[in-house]
Amino acid sequence: MAELNQIWTDLLDKASIKAIENGRHDIADYLQLKLANDTVRQKGVNWLSQTFIDQGMEASLNNPGIFIDRISPHAFKIGMSNMVGSMIQVRHGVRCISLETGWARTPSDGIMRNGALAVAQLKHFGISAADAVYKLIRGELLPVWIDEQDVEVRTEEILRHFQIFLKN
């Protein structure tokens, strides 16, 4: 996926340069904004994904038989929109907790609602009441992940989900 992201970045850079050469500064400005937003999105997704993996690895220290898998690229639905990104699954026996992260990459994928730069779905296999949906938004200084009640998602929130996962 990192290779694909680099190719995409290179294509946006080349398109921006071509737009400037053709006097289309409006298009160049749009492409630079898209590139900047994609960079912010990727950094936000990386933080949430790494936090999830770290919690899974911590859980595996005291619980033999935990397996962590990453699927990338991965597509999933949020409403009517198609999100493209990755999925991380942590399995322990029949139990599974997964984190899907991504954003709508093309116009045909749909739209990002409510100012979201990226979205994430955290799912507990068999305990749907514990599932959560997060969105990455621009914060005062840095982008932040928030839950459906607009509360900032911190490492403790991910730890809470792992406690649910390990309890059952």
Side-chain angles (χ1 to χ4, degrees), residues 1-16 27-58 68-91 96-125 127-162 164-165:
M1 189 73 163
E3 242 179 65
L4 185 59
N5 285 337
Q6 187 57 50
I7 291 168
W8 180 247
T9 299
D10 292 345
L11 287 172
L12 285 177
D13 280 339
K14 288 177 185 173
S16 180
I27 292 174
D29 290 345
Y30 168 77
L31 292 172
Q32 289 304 312
L33 177 62
K34 170 109 177 86
L35 183 58
N37 282 342
D38 285 353
T39 300
V40 169
R41 289 176 173 115
Q42 194 60 56
K43 288 186 183 297
V45 163
N46 288 349
W47 175 84
L48 187 60
S49 296
Q50 191 59 53
T51 300
F52 190 79
I53 290 169
D54 290 348
Q55 292 299 324
M57 291 178 74
E58 183 73 27
I68 303 172
D69 294 314
R70 180 180 220 139
I71 300 163
S72 183
H74 172 72
F76 61 100
K77 291 277 193 193
I78 295 283
M80 298 299 291
S81 295
N82 185 48
M83 303 297 149
V84 178
S86 65
M87 177 172 66
I88 302 162
Q89 293 180 320
V90 179
R91 292 177 285 114
C96 181
I97 184 173
S98 64
L99 178 71
E100 297 172 298
T101 56
W103 62 91
R105 304 290 170 111
T106 66
S108 64
D109 284 334
I111 61 169
M112 301 296 298
R113 295 190 180 279
N114 303 317
L117 294 168
V119 294
Q121 290 187 127
L122 196 151
K123 294 182 178 180
H124 292 264
F125 177 73
I127 314 172
S128 60
D131 293 353
V133 176
Y134 307 131
K135 66 180 180 178
L136 181 68
I137 62 167
R138 292 194 184 277
E140 287 184 33
L141 298 175
L142 297 170
V144 296
W145 285 98
I146 60 172
D147 64 16
E148 293 173 297
Q149 288 76 42
D150 295 336
V151 175
E152 185 175 344
V153 175
R154 298 179 183 266
T155 303
E156 296 79 18
E157 169 71 1
I158 306 305
L159 175 59
R160 183 181 69 77
H161 282 282
F162 272 91
I164 295 167
F165 167 68

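These numbers were taken from a predicted model, which means no experiment stands behind them.
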Could you measure the distance from the [atom1] atom of [X] to the [atom2] atom of [Y]? Nearest 0.5 Å is fine.
X: R91; Y: F165; atom1: CZ; atom2: CZ; answer: 9.5 Å
X: Q55; Y: I68; atom1: CD; atom2: CD1; answer: 10.5 Å
X: K77; Y: D109; atom1: NZ; atom2: CG; answer: 8.5 Å
X: R154; Y: D147; atom1: CZ; atom2: CG; answer: 12.0 Å

Are side-chain heavy atoms of [X] and [Y] found at a separation under 4.5 Å?
X: T101; Y: I88; value: no
X: V84; Y: T106; value: no
X: R70; Y: S86; value: yes
X: M112; Y: L117; value: no

From CA spacing to verdict: side-chain contact (heavy atoms from CB on, under 4.5 Å), V144, W47: CA-CA 10 Å; V144 296; W47 175 84; over 6 Å; no

Residues L99, V90; criterion side-chain contact (heavy atoms from CB on, under 4.5 Å); working and verdict: CA-CA 9 Å; L99 178 71; V90 179; over 6 Å; no

If you take all heavy atoms of [X] and [Y], which pair is closest and at what distance?
X: C96; Y: Q89; answer: SG-CB, 4.2 Å
X: I97; Y: F162; answer: CG2-CE2, 4.0 Å
X: S72; Y: G85; answer: OG-O, 3.9 Å
X: A120; Y: L48; answer: CB-CD2, 3.5 Å

Geometric class of the F76/H74 ring pair [parallel <30°, tilted 30-60°, perpendicular >60°]: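 Parallel.
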
Do other residues, nucleotides or ligands put more than 12 heavy atoms under 6.0 Å from [X] [atom1]?
X: R113; atom1: CZ; value: no
X: E152; atom1: CD; value: yes
X: F125; atom1: CZ; value: no

Main-chain N/O of I111 paired to S81 side chain as donor or acceptor, under 3.5 Å: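 Indeed, once roles are kept as given, a pair shorter than 3.5 Å links the two residues.
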
Flag for D38-Q42: side-chain donor and acceptor within less than 3.5 Å: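 Result is no, nothing qualifies.
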
Side chains of residues 128-137: which donor-acceptor partners sit under 3.5 Å, not counting sequence neighbours?
| unit_1 | atom_1 | unit_2 | atom_2 | d |
| --- | --- | --- | --- | --- |
| D131 | OD1 | H124 | N | 2.7 |
| Y134 | OH | E157 | OE2 | 3.0 |
| Y134 | OH | H161 | NE2 | 3.1 |
| K135 | NZ | N114 | O | 3.1 |

